[in-house]
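Throughout, protein chains are lettered first and strands after them, A, B, ... in sequence-line order, and every chain is numbered starting at 1.
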There are 2 protein chains.
Amino acid sequence: MATQTEEDYIKAIFKITERNQGAANTNAIAKYLNTSAASVTDMLKRLSDKDYFHYEKYKGVYLTSKGIQMATQLVRKHRLWEVFLAKKLDFSWEEVHDIAEQLEHIKSDTLIEKLDAFLGHPKYDPHGDPIPNAEGKFTLRNQFGLSTLSKGEKGIVVGVKEHDKDFLQYLNQLEIGLGTEVEVIDVVDFDHSIKLKINNQEATSLSYKVTKNIYIKKQA
Amino acid sequence: MATQTEEDYIKAIFKITERNQGAANTNAIAKYLNTSAASVTDMLKRLSDKDYFHYEKYKGVYLTSKGIQMATQLVRKHRLWEVFLAKKLDFSWEEVHDIAEQLEHIKSDTLIEKLDAFLGHPKYDPHGDPIPNAEGKFTLRNQFGLSTLSKGEKGIVVGVKEHDKDFLQYLNQLEIGLGTEVEVIDVVDFDHSIKLKINNQEATSLSYKVTKNIYIKKQA
DNA sequence: ACGGATTTTTAGACTAGCTTAAAAATTAAT
DNA sequence: ATTAATTTTTAAGCTAGTCTAAAAATCCGT
């Protein structure tokens with residue numbers, strides 16, 4: 001059975017290749033895992049006969065289907081635990097990640113299937129990210145960046161791109177969360193900032209950096 | 001922060017000293033943790049400056065108050081997770097231990113307090129063992145071995161001494177669980193076996209080895 | 001209180017995972 | 001196309017935790 005560290009490496013490679021399209025390079029993995037490039041090379045060499053990924057010296061690394069399956073199951077576990085923490089234990093969306101990072105390593109298939117059922121087979125986690133089902137399939141959604149809306153358009157917040165704690169807490173303060181109704185009152189061409197009605201309250205101004213990181217579903 | 005292995009050692013020492021009264025010896029710890037006596041000695045030496053226990057060569061080991069506190073918190077976490085698994089996820093009492101053994105190592109004080117509240121501050125785990133509160137206090141109970149009952153006496157099952165899977169599954173088969181009502185119909189002096197009515201069904205015969213391991217609360 | 005059995009410790013060695021420093025390979029710029 | 005910058009790998013060594021085999025200490029029966 002894979003160790004916690006092995007799981008961390010596989011998940012890191014998965015996240016990096018998913019984001020960058022193409023092989024994950026040593027430095028990126030080191031940065032993601034807060035370790036040194038030398039450690040990564042070392043680990044890749046030691047793990048490369050376990051069939052989780054293809055590794056070629058100086059060429060980076062990409063997952064095999066076995067590796068992808070393992071990473072997907074980790075993501076599934078992580079996100080289901082996040083739902084549990086948020087929905088059942090009342091944690092806020094910026095608090096769930098760190099604890100789920102630990103919980104995702106608990107070994108028991110039965111546990112995760114029972115947890116899934118207990119939570120009512122949720123399709124999305126507290127940040128709006130899709131939860132793969134037991135077969136590894138993600139349920140995709142027709143979503144847009146809030147920054148792409150034009151003056152007068154309405155939407156419902158369905159997710160966030162950035163998961164940084166400060167960002168999420170800022171959204172809390174603005175009373176923006178999943179399900180929040182927003183309406184674009186004005187768009188400032190100069191800096192792409194937006195004047196926004198949040199749940200029909202008086203309008204607030206949001207920077208481009210913020211609106212780019214909020215996903216919405218368009219509303220008639 | 002203590003590693004998982006450190007936590008395992010502390011808990012082992014706690015369990016052994018609790019059971020045996022007096023210092024825990026090397027062999028007992030080795031057996032409990034499925035490792036070698038040499039590894040235990042080694043670990044005790046390496047951990048002995050962390051103030052969790054007193055260790056004297058050839059004399060065994062006993063916990064300091066710091067060590068006891070840590071062990072108690074581990075027991076609290078373990079048993080709360082067991083309640084979660086049994087009550088919320090519908091695991092049977094013989095299945096919860098192994099998973100809780102992993103879950104007890106998750107690091108987050110908030111998590112455990114929220115879990116406790118979510119479960120309604122339970123006082124006992126699925127085997128009837130008391131759950132220490134946040135301050136480490138156990139709620140004791142006036143209980144007796146089923147083997148101590150005389151002919152005609154009634155009781156309610158409140159716990160088990162033995163946690164072995166086969167034993168617990170045998171009890172499942174007999175339809176004996178926490179809360180089950182039992183009535184002693186007859187006691188056989190020769191082998192101390194007992195004829196028992198379970199939830200007022202027709203009587204079954206239970207060996208001394210079994211009745212010794214069932215705790216009951218006496219019933220008028 | 002002696003000898004044998006048992007328990008515990010020491011010694012030496014192994015693996016997983018990590019580190020820093022230096023060497024080698026690749027990439028990018030003129 | 002050569003040099004310079006960057007990235008990656010190698011080398012050597014560290015810690016936590018494990019093991020086996022052998023030595024030392026303790027315990028126990030007579």
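Remark: B:N213 pairs with B:K161, B:E162, B:F167 by the side chain to side chain contact (heavy atoms under 4.5 Å, CB included) rule, at least two apart or across chains. Partners of A:E104 according to the salt bridge (Lys or Arg N to Asp or Glu O under 4.0 Å) rule, which considers only residues two or more places apart in sequence or in another chain, are A:K11. Remark: B:F144 pairs with B:N142, B:T148, B:I216, B:K218 by the side chain to side chain contact (heavy atoms under 4.5 Å, CB included) rule, at least two apart or across chains. Listed by chain and number, the residues in a side-chain hydrogen bond (donor to acceptor under 3.5 Å, both in side chains) with A:K57 amount to none (sequence neighbours excluded). With sequence neighbours left out, B:E6 forms a salt bridge (Lys or Arg N to Asp or Glu O under 4.0 Å) with B:K50.
The CG-C1' distance, from A:D42 to D:dG13, rounds to 12 Å in whole Å. The distance between atom NZ of A:K45 and atom C1' of C:dA16, rounded to the nearest whole Å, is 15 Å. The distance from atom CD1 of B:I10 to atom P of D:dG17 is 11 Å, rounded to the nearest whole Å. Going from atom CG of A:L44 over to atom P of D:dT10 covers 11 Å, rounded to whole Å. When rounded to the nearest whole Å, the span between CZ of B:R46 and P of D:dC14 equals 16 Å. One can place CE of B:M43 at 15 Å from P of C:dT10, the figure rounded to the nearest angstrom. For A:L33 and C:dT19, the CG to P distance is 10 Å, given to the nearest whole Å. Protein atom CD of A:E6 is 11 Å distant from nucleotide atom P of C:dC18, rounded to whole Å.
Counting any heavy atom pair closer than 4.0 Å across all strands shown, B:T41 reaches a base atom.
Checked against a 6.0 Å centroid threshold, the rings of A:F190 and A:Y208 do not count as neighbours.
Across residues 17-32 of chain B, not one residue has a non-hydrogen atom less than 4.0 Å from an atom of DNA chain D.
In this structure, B:T5 does not reach the D:dA16 phosphate: none of its side-chain N or O atoms is under 4.0 Å from OP1 or OP2. For B:Y55 and C:dT9, the shortest distance from a side-chain N or O to OP1 or OP2 is below 4.0 Å. Of the side-chain N and O atoms in B:T35, one or more sit less than 4.0 angstrom from OP1 or OP2 of D:dC19.
The salt bridge (charged side-chain N to carboxylate O under 4.0 Å, His left out) analysis of residues 125-138 of chain B, with sequence neighbours excluded, yields the pairs B:R79-B:D125. Within the structure, the salt bridge (charged side-chain N to carboxylate O under 4.0 Å, His left out) test picks out the following pairs touching residues 36-45 of chain A (sequence neighbours left out): A:D42-A:R46.
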Protein-nucleic acid N or O pairs under 3.5 Å, nucleotides 20-25 of chain D:
residue : atom : partner : partner atom : Å
D:dA25  : O4'  : B:Y58   : OH           : 3.3

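Nearest-nucleotide mapping onto DNA chain C: of A:L47 and A:K59, the residue sitting toward the 5' end is A:L47.
Classification of the A:W93-A:H127 ring pair by plane angle, with boundaries at 30° and 60°, yields parallel.
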